[in-house]
Amino acid sequence: MNETWPLPDAARAFAVAGVLVFPCAPGGKRPLIRDGLGFRDATTDLTQIDAWWRRAPEANIGIPTGVASGVVVVDVDVHGPVNGYRQFARADRAGLVDGWELLVRSPSGGMHAYYPATAGVDQRSWQAGRAGIDFRGDGGYIIAPPSRRIIDDQPVPYTVETFATSAGSPLDAGRLRDFLDPRPAPVTRPARTIAGPGADVSRLAAWVSRRQEGERNHGLFWAACKLAENHVAPTDALDVLTAAAGHAGLSEREAVTTIRSAYRAVHGGARGSPASPSSSASRFAVPEASAVRVRGL
């Protein structure tokens, strides 16, 4: 299979080989079904696959990662000053990324390294933004060759670069993440009690550090509002939450901006006009499931 294959034929070929697939936006990455959560409906059913690609013949091919497909992927990015290849090479020298089965060149100049999933082990997706490397595991997906992205108004395909000459081996994703983006050191100052049974500043920061792409900014804003409502000093909130947000993949600038916005929302902005803390936080709270997640801190 190469970039000349029609995408409907390639999707069928994956399914016949037993690989779950689902359609993504032509020239893009977003799933076309179930409001962007289409990777949960991935299938090998040829009737369904034919129906999907009849409606969108140029749809890109998505493959769920983790237990669903039996593969996990290390996604190496290059954007601005961040070059994930350098960090991947550093991890390779440390013996942390051996065992890949397939290397794919992405349209943006990055790389996808495919590994067999570890049987019986749940390895969630994560981002190490400062290292330029993401991990696509359980709860994630990848765009597969011969899909195409639009770069500078031109279609550019995902292309297979190299197949391994020997059997692959599972990747220890947790160990790789700790190597690329070590967790912030524990806060030494005494923890302040905040709203919620048994919750404290350190545990709230740990919760922020586990937010995934798509929920990081809202989660950080919500956490900062909780600290503001409980009269935690802004400098303390910045110290604790900026490190936690960085671990989740946000830049320091993004984190600081979000935390300051939360404090302004709770305390009424620059003029100090009163605001309702509960209403300010709830407008930006992690929707519905937030209560469950906080209880699980």
Side-chain angles (χ1 to χ4, degrees), residues 1 3 10-11 13-15 17-24 28-31 36-40 42 44 60-79 82-92 95-129 131-149 156-164 166-181 212-214 249:
M1 187 186 298
E3 59 267 27
F14 277 119
V19 179
L20 299 166
V21 296
F22 63 95
C24 292
K29 296 181 179 181
R30 183 172 177 79
L37 296 175
F39 65 92
R40 297 179 180 174
T44 58
N60 278 340
I61 301 168
I63 294 176
T65 47
V67 172
S69 62
V71 298
V72 297
V73 175
V74 172
D75 182 357
V76 178
D77 289 327
V78 179
H79 48 84
V82 178
N83 188 328
Y85 284 103
R86 295 193 187 99
Q87 296 301 319
F88 188 84
R90 192 168 70 90
D92 187 36
L96 299 177
V97 290
D98 298 333
W100 53 264
E101 298 178 313
L102 174 68
L103 298 181
V104 170
R105 174 79 62 175
S106 70
S108 61
M111 179 181 73
H112 296 164
Y114 286 66
Y115 298 82
T118 306
V121 176
D122 183 47
Q123 296 195 106
R124 306 299 297 176
S125 299
W126 49 258
Q127 297 84 35
I133 290 179
D134 298 340
F135 173 73
R136 309 296 180 186
D138 294 285
Y141 66 93
I142 202 74
I143 304 298
S147 299
R148 306 168 185 100
R149 295 284 313 284
V156 182
Y158 291 80
T159 57
V160 175
E161 291 284 309
T162 309
F163 285 98
S166 57
S169 58
L171 178 82
D172 188 333
R175 192 175 166 209
L176 177 62
R177 180 177 188 172
D178 289 341
F179 176 81
L180 294 171
D181 191 13
Q212 300 295 313
E213 186 175 4

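Because only heavy atoms are used, hydrogens play no part in the values below, and waters and symmetry mates are left out as well, while side chains stay in.
In this structure, Ala11 and Val21 approach most closely via the heavy-atom pair O-CG2, 4.0 Å. The shortest heavy-atom contact between Gly137 and Val72 is CA-CG1, 4.1 Å. Minimum heavy-atom separation, Leu96 to Leu176: CB-CD1, 4.3 Å. Gly139 and Ser125 make their closest contact through C-OG, 4.1 Å (heavy atoms, listed as atom of the first residue, atom of the second, distance). Contact record, Pro145 with Val104: CG-CG1, 3.7 Å, taken as the closest heavy-atom pair. The shortest heavy-atom contact between Ala128 and Asp181 is CB-CB, 4.1 Å.
For the pair Phe22/Pro64, a side-chain contact is recorded, criterion being any heavy-atom separation below 4.5 Å from C-beta on. Contact check for Val67 versus Asp122: no side-chain heavy atoms found under the 4.5 Å cut-off. Annotation: side chain of Leu103 is not in contact with side chain of Phe163 (no heavy-atom distance under 4.5 Å). For the pair Leu102 and Thr162, the minimum side-chain heavy-atom distance is 4.5 Å or more. Residues Val82 and His79 form a side-chain contact, since some pair of their non-hydrogen atoms from C-beta on lies under 4.5 Å apart. Side chains of Tyr141 and Pro31 form a contact here, defined as non-hydrogen atoms less than 4.5 Å apart. Side-chain contact between Arg149 and Val156: absent, with no pair of heavy atoms (C-beta onward) separated by less than 4.5 Å. Looking at Ile143 and Tyr158, their side chains come closer than 4.5 Å, going by heavy atoms from C-beta outward.
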#### Entry: Criterion side chain to side chain contact (heavy atoms under 4.5 Å, CB included) on Val74 and Leu171, from CA distance to verdict
CA-CA 9 Å; Val74 172; Leu171 178 82; 3.5 Å; yes
#### Entry: side chain to side chain contact (heavy atoms under 4.5 Å, CB included) between Leu180 and Phe88, worked out
CA-CA 9 Å; Leu180 294 171; Phe88 188 84; over 6 Å; no
Return a table of donor-acceptor pairs under 3.5 angstrom between the side chains of residues 108-115 and protein atoms on other chains or two or more places apart.
from	atom 1	to	atom 2	distance (Å)
Ser108	OG	Ser106	OG	3.4
His112	NE2	Asp75	OD1	3.4
Tyr115	OH	Val97	O	2.7

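Checking side-chain atoms of Thr65 against main-chain N and O of Val71 turns up no donor-acceptor pair under 3.5 Å. Side-chain atoms of Ser147 come within 3.5 Å of backbone N or O of Ile61 as a donor-acceptor pair. No donor-acceptor pair closer than 3.5 Å links the side chain of Glu3 to the backbone N or O of Arg148. In terms of modelled atom types and a separation under 3.5 Å, the side chain of Asp138 and the main chain of Gln123 share a donor-acceptor contact.
Scanning for side chain to side chain donor-acceptor pair (under 3.5 Å) contacts around Arg124 gives an empty result, with sequence neighbours left out.
Using a 4.0 Å cut-off between charged nitrogen and carboxylate oxygen, Asp134 and Arg136 count as a salt-bridge pair.
Summarising the local packing, CZ of Arg90 is surrounded by more than 12 heavy atoms from other residues, nucleotides or ligands at distances under 6.0 Å.
Separating the CD atom in Gln127 from the CG atom in Asp77 is a distance of 10.0 Å, to the nearest 0.5 Å.
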